[in-house]
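Since the structure comes first, as structure tokens, the remarks are kept for the end.
Just so it is clear, the structure is predicted and the values come from calculations on it, not from any experiment.
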Amino acid sequence: MKTVKGFASATVGNVACGFDVLGFAITEPGDEVTLTLLDERKKDCPVSIASITGDGGALPLDPKKNTSSFVVLKFLEYIRTHKGVDFSGHISLELKKNLPLSSGMGSSAASAAAALVAANELLGQPCTKMELVHFAIEGERVACGSAHADNAAPAILGNFVLIRSYTPLDLITIPPPKDLFCTLVHPHTELRTSFARSVLPRAIPLKTAIQQWGNVGALITGLLTSDYELIGRSLVDVVAEPKRAPLIPGFFDVKQAALDAGALGCSIAGSGPSLFAFSSSEKTAREAGNAMQQAFLSPKTNLDSDMWVSRICSEGAKIL
Ligand SMILES: Nc1ncnc2c1ncn2[C@@H]1O[C@H](COP(=O)(O)OP(=O)(O)O)[C@@H](O)[C@H]1O
Ligand SMILES: N[C@@H](CCOP(=O)(O)O)C(=O)O
């Protein structure tokens, strides 16, 4: 029997102003998926979930409903129709969840990305990582009802990923400035992406759109030129944050605590409830994280949280 273990880390979607078009990966924590190749197919489905740990029993064992197994099914279908690989065996999947669910940390995308790099390795790497992104995006549709790429793409590719277009998919990877650190704080509460998407406006005023795309352009410029002040002042979201901030207890105090501690900027990580902040030193990033956690613990919020400080991960999903 051949066994392969894949790993994919947490990601931050949107990156404040880049709703659905910009995301990045951090280095830790992440999900692990172990695939074992069996000669004999069990039942009619080529993939089965042998075990899931770390989810508290919350996730589906149905291979068509868990993003980790669902994307492997899409991968097998694709290599059969496009790569001439007609897989007749069986893949047994073990998922180790290290990311909290509905956290704003790209939990569903991390499971999908880890599974895809493992499946690709298991079957002799018939696909490029860029091809694998397509299946991870479909996994997001299963997880939250929308096929957004700003977690799935960086989970597989690493770095910052700008989604110029969804149809056809056109992705641009952007390496991080060398002194950019991310602080990620996850309060111990859940906010489902599907719900956080339901509160967004279907249309926005032209004035709002102008502000948003101005900041996206400036943020990309700041990343490409390592202009940390420009990065900081570009982290302004006038579309999603105003609607989602009320869903996150203590959001404004936590954001202000990050800025007061010296962070360049701070906003909602993905659809929340996590927040992320950027800093130009690890020391400041850690100080901002401590301040954010203290703000979540204030009497009116009283939320415990987890905090990570990380550089941007340039490797993406990998084989362990
Ligand atoms: N392997 C998986 N990991 C996480 N969520 C999954 C997985 N498979 C299916 N899901 C579904 O996706 C939901 C979490 O996705 P979402 O709300 O987008 O938050 P996040 O992706 O940040 O965890 C879960 O509630 C679950 O129903
Ligand atoms: N662009 C998406 C990002 C969702 O990220 P998640 O980590 O909360 O799943 C959105 O804002 O809905």
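Both Ile248 and Val185 belong to a single network of hydrophobic side chains, linked directly or stepwise wherever heavy atoms of I, L, V, M, F, W or Y lie under 4.5 Å apart. One hydrophobic cluster, built from ILVMFWY side chains closer than 4.5 Å, cannot hold both Ile220 and Val236; they sit in different ones.
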Distance-only check: which donor-acceptor pairs under 3.5 Å involve side-chain atoms of residues 99-114, not counting sequence neighbours?
from	atom 1	to	atom 2	distance (Å)
Ser103	OG	Pro100	O	2.8
Ser103	OG	Met105	N	3.1
Ser107	OG	Lys97	NZ	2.7
Ser108	OG	Glu140	OE1	2.8
Ser111	OG	Asp31	OD2	2.8
Ser111	OG	Lys97	NZ	3.0

Sequence neighbours excluded and cut-off under 3.5 Å, please list the side-chain donor-acceptor pairs for residues 256-268, or say none.
from	atom 1	to	atom 2	distance (Å)
Gln256	NE2	Asp260	OD1	2.7
Ser267	OG	Glu241	OE1	2.6

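Residue Ile231 holds its CD1 atom at 10.0 Å from OG1 of Thr221, rounded to the nearest 0.5 Å. A distance of 4.5 Å separates CZ of Arg244 from CG of Leu200, quoted to the nearest 0.5 Å. The CD atom of Glu121 sits 10.5 Å away from the CG atom of Leu35 when rounded to the nearest 0.5 Å. To the nearest 0.5 angstrom, Thr34 atom OG1 is 4.5 Å from Lys5 atom NZ. The CD1 atom of Ile79 sits 9.0 Å away from the OG1 atom of Thr81 when rounded to the nearest 0.5 Å.
Using modelled atom types, one finds a donor on one side chain and an acceptor on the other under 3.5 Å when comparing Asn159 with Ser314.
Listed for the Ser69 side chain is a donor-acceptor partner under 3.5 Å among the backbone atoms of Asn66. Tyr78 places no side-chain N or O within 3.5 Å of a backbone atom of Glu131 that could act as its donor or acceptor partner. Looking only at distances, no side-chain donor or acceptor of Gln125 sits under 3.5 Å from a matching main-chain atom of Asn120. With hydrogens and angles disregarded, a donor-acceptor distance shorter than 3.5 Å links the side chain of Asn98 to the backbone of Gly30. A donor-acceptor pair is defined here as one N or O able to donate and one able to accept, closer than 3.5 Å; such a pair exists between the side chain of Tyr166 and the backbone of Ala149. A donor-acceptor pair is defined here as one N or O able to donate and one able to accept, closer than 3.5 Å; such a pair exists between the side chain of Lys2 and the backbone of Leu122. No donor-acceptor pair closer than 3.5 Å links the side chain of Asp179 to the backbone N or O of Ser280. Formation of a donor-acceptor pair under 3.5 Å by the Lys129 side chain with backbone atoms of Ala317 is found in this model.
Applying side chain to side chain donor-acceptor pair (under 3.5 Å) to Ser305 and the options Gln294, His186, Gln293 leaves one that passes, Gln293.
Residue-environment remark: CG (Asp39) stays at or below the threshold of 12 foreign heavy atoms within 6.0 Å. Other residues, nucleotides and ligands place more than 12 heavy atoms under 6.0 Å from the NZ atom of Lys83. Around the NZ atom of Lys243, the shell of radius 6.0 Å holds no more than 12 heavy atoms that belong to other residues, nucleotides or ligands.
Every side chain to side chain contact (heavy atoms under 4.5 Å, CB included) that His90 has, sequence neighbours left out, goes to Leu38, Arg41, Lys42, Ser48. Applying the side chain to side chain contact (heavy atoms under 4.5 Å, CB included) criterion to Ser198, with sequence neighbours excluded, gives Phe195. Not counting sequence neighbours, the partners of Ala25 by the side chain to side chain contact (heavy atoms under 4.5 Å, CB included) test are Ser9, Thr11, Pro154, Cys313. When the salt bridge (charged side-chain N to carboxylate O under 4.0 Å, His left out) test is applied to Asp253, the partners found at least two apart in sequence or on another chain are Lys300.
With salt bridges taken as basic N to acidic carboxylate O contacts below 4.0 Å, none links Arg233 and Glu229. Using a 4.0 Å cut-off between a side-chain N of Lys or Arg and a carboxylate O of Asp or Glu, Glu138 and Arg141 qualify as a salt bridge.
Classified by interplanar angle (parallel below 30°, tilted 30° to 60°, perpendicular above 60°), the ring pair Phe24/Phe160 is tilted.
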